[in-house]
Asker: 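Would you mind keeping the following structure in view while I ask a few things?
The chains referred to below are lettered A, B, ... by the order of the sequence lines, with proteins before strands, and numbering in each begins at 1. Bear in mind that the values here come from a model prediction, so they are computed numbers and not experimental data.
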Protein chains: 2
Amino acid sequence: MARMRTAPCPVMRTVDLVGDKWTLLILRDAFDGLRRFSQFQRSLGIAKNILSDRLAALVASGIMRTEPASDGTSYHAYVLTEKGLELFDLIVTLRQWGERNAFESGEEYRTLIDETTGEPLARVTYVRPDGRPLRRGETRLGDFRSMD
Amino acid sequence: MARMRTAPCPVMRTVDLVGDKWTLLILRDAFDGLRRFSQFQRSLGIAKNILSDRLAALVASGIMRTEPASDGTSYHAYVLTEKGLELFDLIVTLRQWGERNAFESGEEYRTLIDETTGEPLARVTYVRPDGRPLRRGETRLGDFRSMD
DNA sequence: CGAACTGGTTTCGAATCAAAACCTACTAGT
DNA sequence: ACTAGTAGGTTTTGATTCGAAACCAGTTCG
C-alpha cells in the first residue's frame with residue numbers, strides 16, 4: 001500500500017489508521033466499555049497475535065493508550081484517548097448504516113440504546129454548525145488548505 | 001474471519017462489507033464522481049486484480065452497480081446504488097476525523113467544499129430527529145430487536 | 001505451593017495481496 | 001483496412017499477512 005501516511009487526503013489518512021476490520025471492531029468494543037486484552041480477545045474471537053498487533057498500532061497512532069491499573073489488579077487496560085473518543089461518530093455511522101442496509105426482514109440485530117430516552121437510538125443526521133442538515137451532493141472536492 | 005455475514009451486530013455487518021482500505025477509498029472516489037475502472041485505477045494506484053475484486057464485491061453486496069453505458073462509449077461504469085449513496089455520511093465522518101486528527105500543523109490537506117456556502121465544509125455533528133445533538137456516552141449497548 | 005489466568009511472543013502453514021504479464025474487445029488515427 | 005492505443009479485465013507468480021496453536025513469563029487465586 002502506497003504512502004498513505006503522507007497523503008493529502010484526510011479520508012486516506014483515516015483509512016490508513018482505522019480502515020481494517022479488526023481495528024474497527026476493537027474500537028466498537030472499546031466504546032462498549034471493554035478495556036482489557038482478554039476482554040477484546042473473548043469478545044472478538046481474534047487471534048492473540050493479531051489483537052496484540054492491532055492494539056499496538058492503535059496505541060502507536062494515539063487512538064488508544066495503556067493505563068497502568070484500572071481496578072485493583074496490576075494488569076493494564078487499553079483505553080481510548082481523546083483522539084480515539086472522537087471516533088464515536090464513525091462507529092455510530094457504521095452501526096446505523098448496518099441497521100438499515102445489512103439486515104433482512106425478520107433478522108435480529110443488537111440495538112444501541114439512547115440513554116436520554118431509554119429507547120433504541122433513532123436515526124441521527126448530520127447538521128452544520130448553523131443547524132442546517134447536510135445532504136448528499138451538497139459537497140464537491142476542494143483545493144488544498146494548510147493545517148491551522 | 002468468523003461468520004460476520006450473519007452476526008447480530010450492525011457494526012460487524014457493515015465492517016464486513018466496507019471495512020477494507022481499498023473499498024473505502026473506492027467509495028471516496030465514487031462520491032467524488034469517479035465511475036470507470038480506469039479512473040479508479042489511476043486515482044488509487046491499485047493493482048487491477050484487486051480493484052476488480054473489490055468492485056465485484058461492492059456490486060455483489062448491492063452497494064454499487066454497473067451501468068451499461070454512461071457516455072457515448074460502450075464501456076460500462078460503476079455507480080453507487082441508493083444503498084451505496086447512504087454511505088455518504090461514512091465518508092464524511094472519515095474525512096472530518098482525518099482533518100482534525102491525522103495532520104500536523106503546516107501540513108496541507110485537500111478540503112471538501114460545501115456548495116451551499118462555497119466554503120470548506122465546517123464541522124458537522126449528529127442530531128437526533130428532534131434536533132438534539134448526540135453526544136458521546138449517551139448510548140449503551142441494548143438488546144435484540146427484529147428487523148422491521 | 002500449585003493451578004489458573006493475563007498478556008503477550010514465536011512458529012508455521014494457509015490465505016491474501018499485489019506487480020507483472022497476458023488477453024480480448026473496442027476505438028482512434030492514418 | 002491496418003495499426004496503435006485504451007478499457008477492462010484474468011492469470012501467474014512471488015511476497016506479505018493472517019491466524020491457529022504452542023509456548024512463556026509474570027500474577028493472582030485457592
Asker: Would you say A:Y78 reaches C:dG8's phosphate, i.e. side-chain N/O to OP1/OP2 under 4.0 Å?
Answerer: yes
Asker: Show the atom names and distances, to 0.1 Å, of all donor-acceptor pairs under 3.5 Å that link a side chain in residues 87-97 of chain A to residues at least two apart or in another chain.
Answerer:
from  : atom 1 : to     : atom 2 : distance (Å)
A:T93 : OG1    : A:D89  : O      : 2.5
A:T93 : OG1    : B:T93  : OG1    : 3.4
A:T93 : OG1    : B:Y126 : OH     : 2.6
A:R95 : NH1    : A:R110 : O      : 3.4
A:Q96 : OE1    : A:V124 : N      : 3.1
A:Q96 : NE2    : A:A122 : O      : 3.0
A:W97 : NE1    : B:K83  : O      : 3.1

Asker: Using whole Å, what does the distance between atom P of nucleotide D:dT27 and atom CZ of A:R36 come to?
Answerer: 13 Å
Asker: Does A:E67 come within less than 4.0 Å of A:R65, counting only side-chain N to carboxylate O?
Answerer: yes
Asker: Given atom CD1 of B:I46 and atom P of D:dT10, what is their separation to the nearest angstrom?
Answerer: 13 Å
Asker: Looking only at heavy atoms, which two atoms of B:S43 and B:L34 are closest? And how far apart?
Answerer: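 Scanning both residues completely, I find the closest heavy atoms to be CB-CD2, 3.6 Å.
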Asker: Categorize A:F40 for me: base, sugar-phosphate, or nothing, with a 4.0 angstrom heavy-atom threshold over every strand shown.
Answerer: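 The answer is nothing, as A:F40 stays clear of every strand by at least 4.0 Å.
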Asker: One thing to verify: whether B:D20 and A:K21 come together as a salt bridge, which I'm taking to mean a side-chain N less than 4.0 angstrom from a carboxylate O.
Answerer: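 The answer is no: the pair does not qualify as a salt bridge.
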Asker: Atom CZ of A:F37 and atom P of D:dG26: how far apart are they, to the nearest Å?
Answerer: 17 Å
Asker: Distance check: side-chain N/O of B:R42 vs OP1/OP2 of D:dT6, anything under 4.0 Å?
Answerer: no
Asker: Is the closest basic N to carboxylate O distance between B:R136 and A:E82 below 4.0 Å?
Answerer: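 Salt bridge between B:R136 and A:E82, a charged N being under 4.0 Å from a carboxylate O: yes.
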Asker: Consider only side-chain N and O atoms of B:D148 and A:S105, and report whether a donor and an acceptor are under 3.5 Å apart.
Answerer: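 Yes - a donor-acceptor pair under 3.5 Å links their side chains.
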Asker: Rounded to whole Å, how long is the line connecting atom CG of A:L44 with atom P of D:dG19?
Answerer: 11 Å
Asker: Within the structure, does a side-chain N or O atom of B:W22 lie under 4.0 Å from either OP1 or OP2 of C:dC17?
Answerer: no
Asker: Does a side-chain N or O from B:H76 land closer than 4.0 Å to OP1 or OP2 of D:dA7, or not?
Answerer: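 Answer is no, no contact under 4.0 Å.
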Asker: Starting at atom OH of A:Y75, determine the distance to atom P of D:dG26, rounded to an integer number of angstrom.
Answerer: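 Computing the A:Y75:OH to D:dG26:P distance gives 12 Å.
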Asker: How long is the line joining CD of A:Q41 and P of D:dA20, in whole Å?
Answerer: 10 Å
Asker: Looking at residues 48-63 of chain A, who's got a heavy atom less than 4.0 Å off DNA chain C?
Answerer: A:K48, A:N49, A:S52
Asker: Can B:D130 and B:R128 be counted as an ion pair, charged N to O under 4.0 angstrom?
Answerer: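 Not counted as a salt bridge, because no side-chain N and carboxylate O are separated by less than 4.0 Å.
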